[in-house]
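Structure, as structure tokens:
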Amino acid sequence: MSTAAAVARAREALMTSDVRPDEDGAVTPSGRQRPPGDRVALRGDLRAALPDATAAVTVTVLVFALLWARMESGASDTVAVMPFMDDPGTYWMYLLSQAFGWSALLWAWGTVMLGLLLSGPRPARLPVSRQVLERWHRTTSLTTMALMFAHALMFAAELVRYETKADWAERVWAAFADTFVPGWYDSGTGRVAIPIGQGALYLAVPLGLLFYVRHRIGANTWRRLHRFVIVVYVLSVWHTLLYGTNVWYGEWPRTVLWLLQLPVALLLLLRLLRPARRAERLGPPGGGAARPGWWARAAGRVAVAAVVVGLVAVAVSGRDGGRDRPTHPPATAPHAQETD
């Protein structure tokens, strides 16, 4: 058989064989059973996430040390908001909760930036291969989930320590409910800010882990659900702006937090305007059933463009929603504590 005939026969066999593309674009024969890769992939990513998690813990320790030093020096914005928290030795769990929260937000920013970079227009040059970027995206996502949970857990631990008027069982239950049950916390700004943070946590975990069962739910379903990760990030930033005492006042830390959202919004807008997948491109409006979907996609692009304009306006005007620093400190404590 000639070489040309062999190539033609091989091409015909490939075109008529029963094959299907997997989630990453590779072709897998349907007659061959795919190995149960969800556990293997998750286990492998957990091992690969160890250096990333180590870096996150290091950053958390550094942030904790900074918050401790600022509280000891009297320069802490947390103490300016809540003067009774002027002793880092007593409120170290609250400081650790703050440190985990800031690390979680930083890692969430990084994993969202990686995700938008991977799902948007392909850059001409990348510092590393696409496979490495995808692994970084997955490992930073796992680290972010762990940091978010640690942030909430240390907040609950501080509530257990603080509520000295009740017995241990009641204190643990009240701290758990205030931290993890939506709508339970009923004090001040936390009535809104804490449910928003809970929403971010409860969306982050399933959306982050769906990757490892994508072969069961289907690639298209996974892609549709994975887009809501940006909602997790928006809720996290919103929670921080509402409840983060370190960015409570309308000063430079809050402005920097706003400015960090500009590259995220710009990458998201670029991702929507120039999607990598042809099916997601916004062509001319069609008729019939396709018209509502076209208008929804167009409205999404307009909304993100408005967010970009809004972020620039915040940076230029300095009106970032921060509170004015009070001339006189607020009340010392929510209630008097019992002492041993």
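Worth saying up front: this structure is predicted, and the values here are computed from it rather than measured.
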Report yes if some heavy atom in the side chain of [X] is under 4.5 Å from a heavy atom in the side chain of [Y]; otherwise report no.
X	Y	value
Leu159	Tyr162	no
Tyr91	Arg161	yes
Phe64	Val61	no
Glu134	Arg130	yes
Phe228	Val232	no
Met113	His137	no
Leu67	Thr78	no
Asp77	Arg70	yes

With the 4.5 Å side-chain cut-off for hydrophobic clustering, are [X] and [Y] part of the same group?
X	Y	value
Val309	Leu272	no
Trp109	Leu62	no
Leu50	Trp136	no
Leu153	Trp92	yes
Leu257	Leu262	yes

Next on the checklist: Looking only at side-chain N and O atoms, does Glu158 offer a donor or acceptor that is under 3.5 Å from a partner on Ser97?
Outcome noted: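 Glu158 and Ser97 do not have a side-chain donor-acceptor pair below 3.5 Å.
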Checklist entry - Quick one: do the Thr255 and Asp320 side chains pair a donor with an acceptor below 3.5 Å? => result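 Asp320 and Thr255 do have a side-chain donor-acceptor pair below 3.5 Å.
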Between atom [atom1] of [X] and atom [atom2] of [Y], what is the distance when rounded to the nearest 0.5 Å?
X	Y	atom1	atom2	result
Ser236	His151	OG	NE2	9.0 Å
Tyr233	Trp238	OH	CH2	15.5 Å
Gln98	Leu66	CD	CG	10.5 Å
Thr60	Leu96	OG1	CG	7.5 Å
Met148	Leu201	CE	CG	5.0 Å
Met82	Thr245	CE	OG1	5.0 Å

Item to check | Test side chain to side chain contact (heavy atoms under 4.5 Å, CB included) applied to Ile194 and Asp178, step by step | outcome: CA-CA 9 Å; Ile194 287 183; Asp178 282 342; over 6 Å; no
Sidechain-backbone polar pair: [X] side chain, [Y] backbone, donor-acceptor under 3.5 Å:
X	Y	answer
Arg254	Leu241	yes
Arg323	Tyr249	no
Arg319	Val314	no
His239	Ile196	no
Ser129	Val132	yes

Item to check | Trace of the side chain to side chain contact (heavy atoms under 4.5 Å, CB included) decision for Leu209 with Met145 | outcome: CA-CA 10 Å; Leu209 296 180; Met145 287 186 280; 4.1 Å; yes
Where is the tightest heavy-atom contact between [X] and [Y], given as atom of each residue plus distance?
X	Y	answer
Pro195	Gly190	CD-O, 3.4 Å
Leu260	Val264	O-CG2, 4.0 Å
Leu105	Val237	CD1-CG2, 4.0 Å
Asp45	Thr139	O-CG2, 3.7 Å
Val160	Ala175	CG2-CB, 3.3 Å
Ala108	Thr144	N-OG1, 3.5 Å

Checklist entry - For residues 188-203, which residue pairs qualify under side chain to side chain donor-acceptor pair (under 3.5 Å), counting only residues two or more places apart or in two chains? => result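 Passing the test, one end in residues 188-203: no pairs.
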Next on the checklist: Run the ring-ring contact (aromatic ring centres under 6.0 Å, His included) test against Tyr185 and tell me which residues pass, sequence neighbours left out.
Outcome noted: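 With sequence neighbours excluded, Tyr185 shows a ring-ring contact (aromatic ring centres under 6.0 Å, His included) to no residue whatsoever.
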Checklist entry - Given the rule in the side chain to side chain donor-acceptor pair (under 3.5 Å) test, do Asp52 and Thr143 qualify, once you have shown the distances and angles that lead to the verdict? => result CA-CA 7 Å; Asp52 184 71; Thr143 303; 2.4 Å; yes
Next on the checklist: Checking Trp222 against Val213 for the side chain to side chain contact (heavy atoms under 4.5 Å, CB included) test, could you report, in this order, the C-alpha distance in whole Å, the side-chain angles of both residues, the deciding distance, and whether it holds?
Outcome noted: CA-CA 9 Å; Trp222 172 73; Val213 294; over 6 Å; no
Next on the checklist: Tell me whether Trp68 at atom CH2 has more than 12 heavy atoms from other residues, nucleotides or ligands lying less than 6.0 Å away.
Outcome noted: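 Yes, CH2 of Trp68 has more than 12 neighbouring heavy atoms, counting only those of other groups under 6.0 Å.
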Next on the checklist: For Trp102 together with Trp107, are the ring centres under 6.0 Å from each other?
Outcome noted: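 No, they do not, as the ring centres are separated by 6.0 Å or more.
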Next on the checklist: Taking the cut-offs as 6.0 angstrom to the six-membered ring centre and 45 degrees off its axis, would you call Arg138 and Tyr212 a cation-pi pair?
Outcome noted: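 Here Arg138 fails the 6.0 Å and 45° test against Tyr212.
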Item to check | Trp173/Trp184 under ring pair (Phe, Tyr, Trp, His ring centres under 6.0 Å): CA gap, chis, key distance, verdict | outcome: CA-CA 11 Å; Trp173 160 246; Trp184 195 276; 5.5 Å; yes
Next on the checklist: With side chain to side chain contact (heavy atoms under 4.5 Å, CB included) as the criterion, how do Leu117 and Arg271 come out once you've worked through the C-alpha distance, each side chain's angles and the decisive distance to 0.1 Å?
Outcome noted: CA-CA 8 Å; Leu117 185 65; Arg271 159 72 175 82; over 6 Å; no
Next on the checklist: Apply the hydrophobic cluster definition, ILVMFWY joined by side-chain contacts under 4.5 Å directly or through others, and give me every member besides Leu270.
Outcome noted: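 Its cluster partners, ordered by chain and number, are none at all.
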